[in-house]
Amino acid sequence: MNLIPEGVLPSSGIRWDRCGGALAGHRIHTLTEPGWVAAGHPLCLIGDSGTGKSYLLIGIGTAVAEAGYKVRYTATANLVNELAEAADERQLTKVLNRYGQVDLLCLDEFGYLELDKAGAKLLFQIFTDPEKRLALAVASNSPFGEWGKTFIDQRLCNAIVERVTFNAHIIDTGDQSYRLRMTQQRRG
């Protein structure tokens, strides 16, 4: 399997029913086919906590990797920290090139933590390399209109939203938490 880092993504069956009734199964299964990755189209999973965004991101990333594509999954804050450390050590080009070798970059918790201007600019470089046809998949608790709280520079925020949403598959996972629903069912 072409997954980086090893062991982060599950290797067996994803239970798509855990993602809530708001999701059309056919649309999700379409995204497990790698055509959108080959075309370099983004995927945005937007919804409240517990609605299956990370689960979908992992499941779709796993399916794409099993189809032979190179996939990397990471939390957005971890990626920004990695890029900042690389910049400090004058290794940024090397790290950007390594990310440029993947076909699909899955960014979890996108827009979850506030990024300073330097961090946002580093992240933006991942999205803008014209020589790479990197497909992005992001999972975010925040709707696009709230991303200005994460990316402090409004102009940079607008550019990031534009890059992440252009030709994107956008899925609203809703506001019904699977974990909360299961806990309530168990209690009875």
Side-chain angles (χ1 to χ4, degrees), residues 3-5 7-37 41-67 69 71-81 102-115 120 123 126-127 134-151 157-158 160-188:
L3 299 174
I4 306 169
V8 172
L9 298 175
S11 61
S12 60
I14 296 296
R15 299 252 335 262
W16 302 110
D17 60 325
R18 290 185 176 185
C19 301
L23 301 173
H26 174 72
R27 186 165 183 206
I28 298 302
H29 287 292
T30 299
L31 292 169
T32 63
E33 299 295 325
W36 64 277
V37 174
H41 293 172
L43 166 64
C44 299
L45 302 168
I46 308 292
D48 286 351
S49 294
T51 59
K53 297 175 307 297
S54 296
Y55 194 78
L56 279 171
L57 195 64
I58 290 167
I60 291 168
T62 299
V64 169
E66 288 173 347
Y69 288 78
V71 176
R72 175 122 188 198
Y73 171 92
T74 187
T76 304
N78 292 346
L79 173 59
V80 171
N81 289 338
V102 301
D103 301 305
L104 173 62
L105 177 58
C106 298
L107 295 176
D108 206 353
E109 301 171 354
F110 194 85
Y112 192 71
L113 299 175
E114 184 178 297
L115 297 176
L123 183 61
I126 292 284
F127 304 155
L134 173 70
L136 293 168
V138 299
S140 179
N141 287 353
S142 303
F144 302 118
E146 293 179 11
W147 285 12
K149 295 174 186 174
T150 298
F151 305 102
C157 177
N158 292 343
I160 288 172
V161 170
E162 188 270 337
R163 297 284 191 305
V164 171
T165 59
F166 183 68
N167 286 327
H169 300 274
I170 301 173
I171 297 176
D172 181 351
T173 61
D175 59 2
Q176 300 297 310
S177 169
Y178 172 82
R179 291 184 294 264
L180 178 59
R181 192 171 62 243
M182 291 298 105
T183 299
Q184 289 172 336
Q185 285 178 1
R186 278 187 224 116
R187 290 185 180 166

On a heavy-atom basis, the closest approach of W36 and L31 is NE1-O, 2.7 Å
Taken to the nearest 0.5 Å, the spacing of I160 CD1 from F151 CZ works out to 4.0 Å
Check: With distance as the sole test, does W147 use its side chain to make a donor-acceptor pair with the main-chain N or O of G111 at under 3.5 Å?
Finding: no
Nearest heavy-atom contact between V164 and A168 is O-CB, 3.5 Å
Exercise for review: Could you tell me whether F144 atom CZ has more than 12 heavy atoms of other residues or ligands within 6.0 Å of it?
Suggested key: yes
* Asked: Does any non-hydrogen side-chain atom of L79 lie less than 4.5 Å from one of I126?
  -> yes
Tested for side chain to side chain contact (heavy atoms under 4.5 Å, CB included) against L105, the lone hit among V71, L134, V138 is L134
message = As a quick check of understanding, evaluate side chain to side chain contact (heavy atoms under 4.5 Å, CB included) for V80 and L113, giving each step before the final call.
response = CA-CA 11 Å; V80 171; L113 299 175; over 6 Å; no
- Task: Please work out which of the three classes, parallel, tilted or perpendicular, describes the rings of F110 and F127, given edges at 30° and 60°.
- Result: tilted
Between the CD atom in E109 and the OG1 atom in T74, the distance rounded to the nearest 0.5 Å is 9.0 Å
Interatomic distance, CD1@I60 vs CD1@I171, rounded to 0.5 Å, equals 6.0 Å
CD (E146) and CD1 (I46) are apart, to the nearest 0.5 Å, by 10.0 Å
For G47 and T173 the tightest heavy-atom approach is CA-OG1, 3.3 Å
- Message: If you define the side chain from C-beta out and look only at heavy atoms, does anything of N141 sit under 4.5 Å from K53?
- Response: yes
On a heavy-atom basis, the closest approach of L57 and C106 is CG-CB, 3.8 Å
Between K149 and E114 the two heavy atoms that sit nearest each other are O-CG, 3.6 Å
Using only heavy-atom distances, determine whether the side chains of Y73 and D108 contain a donor-acceptor pair under 3.5 Å. yes
Of all heavy-atom pairs linking P34 and A67, the shortest is CG-CB, 3.8 Å
dist L107:CG -> R72:CZ (nearest 0.5 Å) comes out at 10.0 Å
Separation between OG1 (T30) and NE2 (H169), nearest 0.5 Å, reads 8.5 Å
